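Presented below is the structure to which this report refers.
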Amino acid sequence: MSKSLYREFYKFGHKKLTWFASLLLLVFMILISDYPSNRLLAMLTYDSPDAIMIILVIVGATMFSMEFQNNAILTLLYKSPRTLSVYLDKFITIFIYNLILHALAIIFTFALAATINPVSWFAVYQYHQPLIVNMFLATGVDILTTTLIISVVFLISTLINSNAVVVTAGLAVMFFGEAISSDLTRGSSALTPLAKWNPFNTTMLTHQYVNYAGYYDTTLLSNAQLATGALAYILVFFACGYLIFRKKRF
């Protein structure tokens, strides 16, 4: 591990918000556990994808934008041999935090299923697979979706130095992306083949995997196509964010 990446982990691990968010995730999942449909809740790890996405938007915007505001980014750039290292280290740090949150969600799900909402993990559920396989695959799919959101947050952070604005913009993509995408795909039949590949569409990957019939009419793309689009946009947004970051005047 490089020294710069170690510094990022060290700073991130010593922020109260990093650990407080984990407790909020557990509280959110416990509250959701009162809803019916135990198997769906277990597959969705008690709706943790939405909570994790909100946490990542807030934490991701904070770790980046705040350093712009207090000029701490200048110290990082001075100590780092390459601008790319600074940007990539922050991305890797928040990505690993994303993995940790999903791992915690799985652990919490097993605990809740063993106490509050018992389920048969090996009963066949969606896609003709055991419920436990559904849960792990849904988690993997959501890691891809949340990584897309991270790339969006980083891109917005390089454009706007205000932490509050970045958080608001990130949450807007989360909550209004589906409506925006639906308007784009249904606005003109001639443009539908192109419009269905809009980035807002790919943010619905997790929801479509869990409820294919309910979301396919909106996205007009298969799960594999949404996953491919998400990967492509992650690379595009990461590259655009880095190019803006490299040219940015601090």
Side-chain angles (χ1 to χ4, degrees), residues 5 8-9 11-13 15-22 24-25 28 48-70 72-73 76-77 83-102 104-105 141-181 198-207 226-227 229-248 250:
L5 183 56
E8 286 297 330
F9 279 122
K11 289 188 301 181
F12 194 73
K15 290 181 178 179
K16 294 180 180 179
L17 180 60
T18 303
W19 305 107
F20 182 66
S22 302
L24 289 179
L25 175 63
F28 176 84
S48 65
D50 288 338
I52 290 174
M53 204 170 288
I54 293 173
I55 291 171
L56 290 173
V57 168
I58 296 173
V59 174
T62 300
M63 75 175 292
F64 217 128
S65 298
M66 291 301 291
E67 291 194 349
F68 282 139
Q69 293 179 33
N70 59 28
I73 197 73
L76 293 177
L77 291 171
T83 306
L84 177 60
S85 297
V86 175
Y87 194 82
L88 183 60
D89 288 346
K90 290 185 176 297
F91 195 92
I92 292 174
T93 300
I94 197 68
F95 175 74
I96 292 178
Y97 183 58
N98 183 23
L99 297 180
I100 292 172
L101 288 176
H102 280 89
L104 288 174
V141 166
D142 192 61
I143 288 172
L144 182 58
T145 306
T146 47
T147 302
L148 173 63
I149 294 298
I150 292 171
S151 67
V152 171
V153 170
F154 270 48
L155 173 58
I156 298 173
S157 295
T158 59
L159 293 169
I160 305 170
N161 291 348
S162 171
N163 181 51
V165 174
V166 175
V167 171
T168 302
L171 294 178
V173 171
M174 278 183 54
F175 292 113
F176 301 112
E178 180 178 342
I180 295 173
S181 180
N198 74 82
F200 296 105
N201 224 6
T202 58
T203 63
M204 289 183 276
L205 173 59
T206 301
H207 293 296
L226 284 177
L231 281 170
Y233 279 118
I234 288 170
L235 295 175
V236 169
F237 292 147
F238 179 88
C240 290
Y242 167 65
L243 291 175
I244 295 171
F245 178 73
R246 189 178 66 176
K247 299 293 184 180
K248 194 177 183 71
F250 301 101

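Given the structure is predicted, the values throughout are model-derived calculations rather than measurements.
- Within the 4.5 Å cutoff, side-chain heavy atoms of F237 are placed close to those of P199.
- Rounding to the nearest 0.5 Å places CD1 of I150 at 9.5 Å from CE of M53.
- For N198 against S181, the heavy-atom pair with the smallest separation is ND2-OG, 3.3 Å.
- Here L231 pairs with L144 under the side-chain contact (heavy atoms from CB on, under 4.5 Å) rule; sequence neighbours left out.
- Separating the CD1 atom in I54 from the CZ atom in F28 is a distance of 7.0 Å, to the nearest 0.5 Å.
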Criterion side-chain contact (heavy atoms from CB on, under 4.5 Å) on V236 and C240, from CA distance to verdict: CA-CA 6 Å; V236 169; C240 290; 4.1 Å; yes

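- The only member of L171, I156, T146, V173 that meets side-chain contact (heavy atoms from CB on, under 4.5 Å) when paired with V57 is L171.
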K90/T93 under side-chain contact (heavy atoms from CB on, under 4.5 Å): CA gap, chis, key distance, verdict: CA-CA 5 Å; K90 290 185 176 297; T93 300; 5.6 Å; no

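- Residues meeting the ring-ring contact (aromatic ring centres under 6.0 Å, His included) test with F238, sequence neighbours left out: Y87, F91.
- Atom CG of N163 and atom OG1 of T168 lie 9.0 Å apart (nearest 0.5 Å).
- Looking only at side-chain heavy atoms (C-beta outward), Y242 and T158 stay at 4.5 Å or farther from each other.
- Here the CD1-CG distance, from I244 to L159, works out to 4.0 Å after rounding to the nearest 0.5 Å.
- Listed by chain and residue number, H102, T206 satisfy the side chain to side chain donor-acceptor pair (under 3.5 Å) test with D142 (two or more places apart in sequence, or in another chain).
- Of all the heavy atoms in V167 and A61, the pair that sits closest is CG2-CB, 3.6 Å.
- For T202, the side chain to side chain donor-acceptor pair (under 3.5 Å) test picks out no residue, with sequence neighbours left out.
- Residues passing the side-chain contact (heavy atoms from CB on, under 4.5 Å) test with S22 are Y97, L101, L104, sequence neighbours excluded.
- Within the model, atoms OH of Y233 and OG1 of T203 stand 11.0 Å from one another, a figure rounded to the nearest 0.5 Å.
- Shown here for M174 and D50, the closest heavy-atom pair between the two residues is CE-O, 4.0 Å.
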Audit row: I143, F95, side-chain contact (heavy atoms from CB on, under 4.5 Å) steps and yes/no: CA-CA 9 Å; I143 288 172; F95 175 74; 4.1 Å; yes

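- For the side-chain contact (heavy atoms from CB on, under 4.5 Å) test, residues two or more places apart in sequence or in another chain that qualify with L17 are I58, V59, T62.
- By the side-chain contact (heavy atoms from CB on, under 4.5 Å) test, V165 is found to be paired with I160, S162, residues two or more places apart in sequence or in another chain being considered.
- Applying the side chain to side chain donor-acceptor pair (under 3.5 Å) criterion to S48, with sequence neighbours excluded, gives T45.
- Residues passing the side chain to side chain donor-acceptor pair (under 3.5 Å) test with D89 are S4, sequence neighbours excluded.
- Residue L56 is tested with T147, I149, I94, V153 for a side-chain contact (heavy atoms from CB on, under 4.5 Å); the sole match is I94.
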